Amino acid sequence: MNVVVLVSGGGTNLQAIIDQVNEGVMPHVNLVKVISSASEAYACRRAENNHIPFCVISRKTFANMQAYDEAMLTALTDSSADLVVLAGFLSLLGPKVVSAFSNRIINIHPSLIPSFCGKGMYGIRPHEAALARGVKVSGATVHFVNEYYDEGPILLQKSIEIDENDTPQSLQKRIMLTCEQEILPRAIQLIADNKVTIENNRAFITK
Ligand code: GAR
């Protein structure tokens with residue numbers, strides 16, 4: 001299965017996927033390309049260090065969403081992508097990409113959806129919001145991407161308990177390490193093993 005990973009930042013989730021592929025845990029996964037929304041993203045260096053082809057496609061270099069959407073669609077189809085993984089990718093995908101890759105795009109979000117998600121909820125913000133609300137658990141969610149922010153079928157979630165001494169930064173770090181970096185590679189593996197079906201906006205995993 002050809003996987004293209006879209007990134008915008010540090011790329012710790014990308015690294016978790018690369019590590020599992022290198023360890024032979026995902027024999028059916030072929031990391032064919034990394035696409036970054038920013039050339040300065042450290043995730044690009046991770047791709048380079050691991051000899052994975054990468055390119056930068058930045059929304060702000062296109063005159064409008066339509067041109068951006070076309071360029072992203074061309075990059076994905078040129079790479080023969082079977083699955084698109086948003087691993088800390090912070091740009092919105094256009095309607096052509098979302099419909100061409102219906103049920104073939106997954107995203108990792110750093111909260112338990114439907115809490116602390118939606119437009120503007122990215123990076124540190126879901127953790128700030130979780131602490132401000134005083135929730136006792138938080139975590140991460142892998143979901144399929146549809147045309148609305150964070151609303152596609154939920155595939156995997158993992159929770160952790162919040163400590164009263166947590167700061168947004170400590171919570172973010174713990175969730176990245178113990179939730180995101182575990183469930184994102186697992187989600188890819190489940191899809192590669194053909195164990196996921198989607199019905200009525202719900203994802204089901206074959207045991
Ligand atoms: C991760 O925490 C990811 O869940 C979050 O951005 C971070 C990227 O880290 N994504 C979102 O907030 C999307 N709404 P990384 O670049 O080190 O993988």
Side-chain angles (χ1 to χ4, degrees), residues 1-8 11-37 43 46-47 50 52-54 57 72-73 75-114 117 139-159 175-207:
M1 181 178 76
N2 288 341
V3 175
V4 175
V5 184
L6 272 54
V7 294
S8 297
T12 57
N13 279 292
L14 168 66
Q15 190 66 55
I17 301 165
I18 292 171
D19 290 347
Q20 295 233 351
V21 168
N22 288 348
E23 283 163 24
V25 182
M26 300 201 274
H28 305 304
V29 170
N30 192 12
L31 284 180
V32 290
K33 191 181 251 180
V34 169
I35 300 176
S36 176
S37 62
R46 295 182 193 270
N50 288 278
I52 302 167
F54 76 93
I57 300 180
M72 184 63 84
L73 185 58
L76 294 173
T77 47
D78 283 356
S79 327
S80 306
D82 298 308
L83 179 70
V84 180
V85 176
L86 311 189
F89 182 70
L90 302 181
S91 295
L92 189 64
L93 290 172
K96 280 192 177 164
V97 168
V98 172
S99 103
F101 286 86
S102 173
N103 294 338
R104 292 194 295 144
I105 308 174
I106 57 171
N107 178 48
I108 179 84
H109 182 76
S111 75
L112 297 173
I113 288 176
C117 62
T141 302
V142 177
H143 65 93
F144 285 91
V145 171
N146 63 15
E147 60 273 45
Y148 307 108
Y149 273 108
D150 301 329
E151 286 192 19
I154 291 171
L155 177 52
L156 291 175
Q157 292 187 300
K158 187 175 176 196
S159 64
I175 288 175
M176 285 171 99
L177 271 173
T178 64
C179 302
E180 299 184 32
Q181 291 167 27
E182 181 188 316
I183 63 174
L184 186 57
R186 180 141 47 93
I188 297 169
Q189 195 175 350
L190 285 169
I191 295 168
D193 291 346
N194 229 349
K195 287 192 169 164
V196 179
T197 52
I198 297 175
E199 266 172 57
N200 299 326
N201 206 39
R202 290 176 64 189
F204 297 88
I205 299 169
T206 314
K207 295 280 183 246

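Predicted model, so just to flag it, every value in this text is computed and none were measured.
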Would you indicate whether the side-chain heavy atoms of [Y] and [X] approach each other to under 4.5 Å?
{"X": "Gln189", "Y": "Val29", "result": "no"}
{"X": "Ile188", "Y": "Val142", "result": "no"}
{"X": "Val85", "Y": "Ile108", "result": "no"}
{"X": "Asn22", "Y": "Asn50", "result": "yes"}
{"X": "Val3", "Y": "Ile191", "result": "no"}
{"X": "Arg104", "Y": "Val84", "result": "no"}
{"X": "Phe144", "Y": "Asn201", "result": "no"}
{"X": "Leu6", "Y": "Leu76", "result": "yes"}

Looking only at heavy atoms, what is the nearest atom pair of [X] and [Y], with distance?
{"X": "Ile175", "Y": "Gly139", "result": "CG2-O, 3.4 Å"}
{"X": "Glu180", "Y": "Pro110", "result": "OE2-CB, 3.4 Å"}
{"X": "Ala43", "Y": "Gly11", "result": "CB-CA, 3.7 Å"}
{"X": "Ala140", "Y": "Cys179", "result": "CB-CB, 3.8 Å"}
{"X": "Lys158", "Y": "Glu182", "result": "NZ-OE1, 2.8 Å"}
{"X": "Leu112", "Y": "Ser159", "result": "CD1-CB, 3.9 Å"}

Atom [atom1] of [X] and atom [atom2] of [Y]: how far apart are they, to the nearest 0.5 Å?
{"X": "Ser91", "Y": "Ile35", "atom1": "OG", "atom2": "CD1", "answer": "11.5 Å"}
{"X": "Leu83", "Y": "Met1", "atom1": "CG", "atom2": "CE", "answer": "4.5 Å"}
{"X": "Leu31", "Y": "Met26", "atom1": "CG", "atom2": "CE", "answer": "7.0 Å"}
{"X": "His28", "Y": "Asp82", "atom1": "NE2", "atom2": "CG", "answer": "13.0 Å"}
{"X": "Ile17", "Y": "Gln181", "atom1": "CD1", "atom2": "CD", "answer": "10.0 Å"}
{"X": "Leu190", "Y": "Ile183", "atom1": "CG", "atom2": "CD1", "answer": "11.0 Å"}

Could you tell me whether the side chain of [X] and the main chain of [Y] form a donor-acceptor pair under 3.5 Å?
{"X": "Thr141", "Y": "Gln157", "value": "no"}
{"X": "Asn2", "Y": "Ser80", "value": "yes"}
{"X": "Ser8", "Y": "Leu90", "value": "yes"}

Would you sort out whether Val5 and Phe89 count as a side chain to side chain contact (heavy atoms under 4.5 Å, CB included), showing the intermediate values? CA-CA 9 Å; Val5 184; Phe89 182 70; over 6 Å; no
Thr12 and Leu177: CA distance, side-chain angles, deciding distance, side chain to side chain contact (heavy atoms under 4.5 Å, CB included) verdict: CA-CA 9 Å; Thr12 57; Leu177 271 173; over 6 Å; no
Intermediate values then yes/no, side chain to side chain contact (heavy atoms under 4.5 Å, CB included), Leu184 and Ile106: CA-CA 9 Å; Leu184 186 57; Ile106 57 171; 4.0 Å; yes
